[in-house]
Amino acid sequence: MLDNQKVIAVLEAIGAAVEAHKEYLTELDQPIGDSDHGINLARGFQAVSGRLPGMADADIGTIFKNVGMTLVSTVGGASGPLYGTAFMRMGMTVGNTQELSMDGFLKGLESAVEGVKQRGHSTVEEATMLDAMVPALEAMKAAAADGKDPKTVLEAGCQASWAGAEHTKDLVATKGRASYVGERGLGHQDPGATSFSYLLDAVRENL
Ligand code: ADP
Ligand code: MG
């Protein structure tokens with residue numbers, strides 16, 4: 001169970017993780033994109049970080065919605081609207097609550113994934129962030145259904161997320177900028193799948 005203070009702390013940790021891996025994420029975006037993914041996300045989470053102190057008394061749904069709106073207006077690129085939508089959907093599903101359970105988190109993530117699919121007109125196996133998000137969600141749902149504790153659930157999710165990110169090397173991108181390079185993108189790991197894996201790692205490490 002996370003209360004809103006803890007949610008804010010986890011969001012701070014996500015921002016720190018994005019900042020720490022900014023260069024690597026941007027490097028991944030070089031051969032198949034325009035070398036800005038880490039820079040884009042770091043700008044967005046920097047803005048989020050500035051607004052989090054003002055959200056100390058907000059309910060958890062509102063916090064996530066505000067994070068999403070901040071990301072939409074500051075990240076830019078394809079990933080801004082997509083991550084923004086993900087956090088906004090998460091907030092709508094979580095709703096006006098002061099406590100977030102694992103079940104609530106997974107339901108929220110499920111609608112975040114749906115939001116990315118709709119907004120991006122995309123699905124799995126297209127070498128995008130969804131190739132990390134979907135396997136991570138499935139693994140966490142399975143672990144939770146098995147009655148595993150939250151730490152174990154998150155560990156399963158992170159493992160599946162990184163495996164999914166790795167798998168994007170074997171995929172020809174059909175969405176976003178990476179689709180322009182076609183088969184030349186083979187062997188390159190998708191930046192968005194990688195950033196999502198760092199986000200989930202930050203959640204796991206700060207539970
Ligand atoms: P841009 O491609 O506009 O420069 P970024 O570099 O910030 O934006 O983000 C690129 C990432 O966005 C990709 O690595 C991919 O994971 C994700 N992405 C791009 N288009 C889509 C889409 N249609 N659906 C899902 N994810 C996408
Ligand atoms: Mg880019």
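Ligands are counted one by one from 1 in listed order, and the atoms in each one are counted from 1 as well. In this chain, residues are counted from 1 in sequence order.
- The shortest contact between atom 10 (C) of ligand 1 and any protein heavy atom is with H37 ND1, 4.0 Å.
- Nearest protein heavy-atom contact of atom 25 (C) of ligand 1 is S122 OG, 3.4 Å.
- Near the Mg ion (ligand 2), less than 2.8 Å away, sit the protein N, O or S atoms D29 OD2, D34 OD1, D36 OD1.
- Remark: ligand 1 atoms within the under-4.0 Å shell around heavy atoms of P191 are 14 (O).
- Nearest protein heavy-atom contact of atom 3 (O) of ligand 1 is A78 N, 2.7 Å.
- Residues F196 and W162 place their aromatic rings such that the two centres sit no closer than 6.0 Å.
- Interatomic distance, H37 NE2 to I32 CD1, rounded to the nearest 0.5 Å: 10.0 Å.
- Annotation for ligand 1: atoms under 4.0 Å from non-hydrogen atoms of D36 are 4 (O), 5 (P), 6 (O).
- In this structure, atom 18 (N) of ligand 1 lies nearest to the protein heavy atom L82 CD1, 3.7 Å.
- A donor-acceptor pair shorter than 3.5 Å cannot be found between the side chains of T168 and Q189.
- The N/O atoms of L130, backbone and side chain alike, include none that comes under 3.5 Å of an N/O atom in ligand 1.
- Counting only N and O atoms by type, the side chains of D59 and T62 include a donor and acceptor under 3.5 Å apart.
- Shown in contact with R177 at under 4.0 Å from a heavy atom are these atoms of ligand 1, numbered in order with element: 1 (P), 2 (O), 3 (O), 4 (O).
- From the protein, the heavy atom lying nearest to atom 17 (C) of ligand 1 is M129 CE, 3.9 Å.
- Scanning all protein heavy atoms for the shortest distance to atom 4 (O) of ligand 1 gives D34 OD1, 2.9 Å.
- Each of the atoms 3 (O), 8 (O) of ligand 1 lies under 4.0 Å from some heavy atom of G77.
- Listed by number with element, the atoms of ligand 1 under 4.0 angstrom from any heavy atom of D29 are 6 (O).
- A donor atom on one side chain and an acceptor atom on the other are not found under 3.5 Å apart for R204 and Q159.
- Between the side chains of Y24 and T194, not a single donor N or O lies within less than 3.5 Å of an accepting N or O.
- K65 NZ: more than 12 foreign heavy atoms inside a 6.0 Å radius.
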*asked:* Walk me through whether K148 and E155 qualify under salt bridge (Lys or Arg N to Asp or Glu O under 4.0 Å).
replied: CA-CA 10 Å; K148 298 282 194 281; E155 276 166 6; over 6 Å; no
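- Taking CZ from F87 and CG from L199, the interatomic distance works out to 5.0 Å, rounded to the nearest 0.5 Å.
- Protein heavy atom in closest approach to atom 26 (N) of ligand 1: T128 CB, 3.3 Å.
- Inclusion of V116 in the set of residues having an N or O under 3.5 Å from an N or O of ligand 1 is not warranted.
- In this structure, a donor-acceptor pair under 3.5 Å is absent between the side chains of T74 and R43.
- At the shortest separation from atom 16 (O) of ligand 1 among protein heavy atoms lies D190 OD2, 2.6 Å.
- Atom CE of M55 sits about 13.0 Å away from atom CD1 of I60, to the nearest 0.5 Å.
- Remark: Q98 CD is packed, more than 12 non-hydrogen atoms of other residues, nucleotides or ligands lying under 6.0 Å away.
- Atom OG of S195 is separated from atom CG of L25 by 5.5 Å, given to the nearest 0.5 angstrom.
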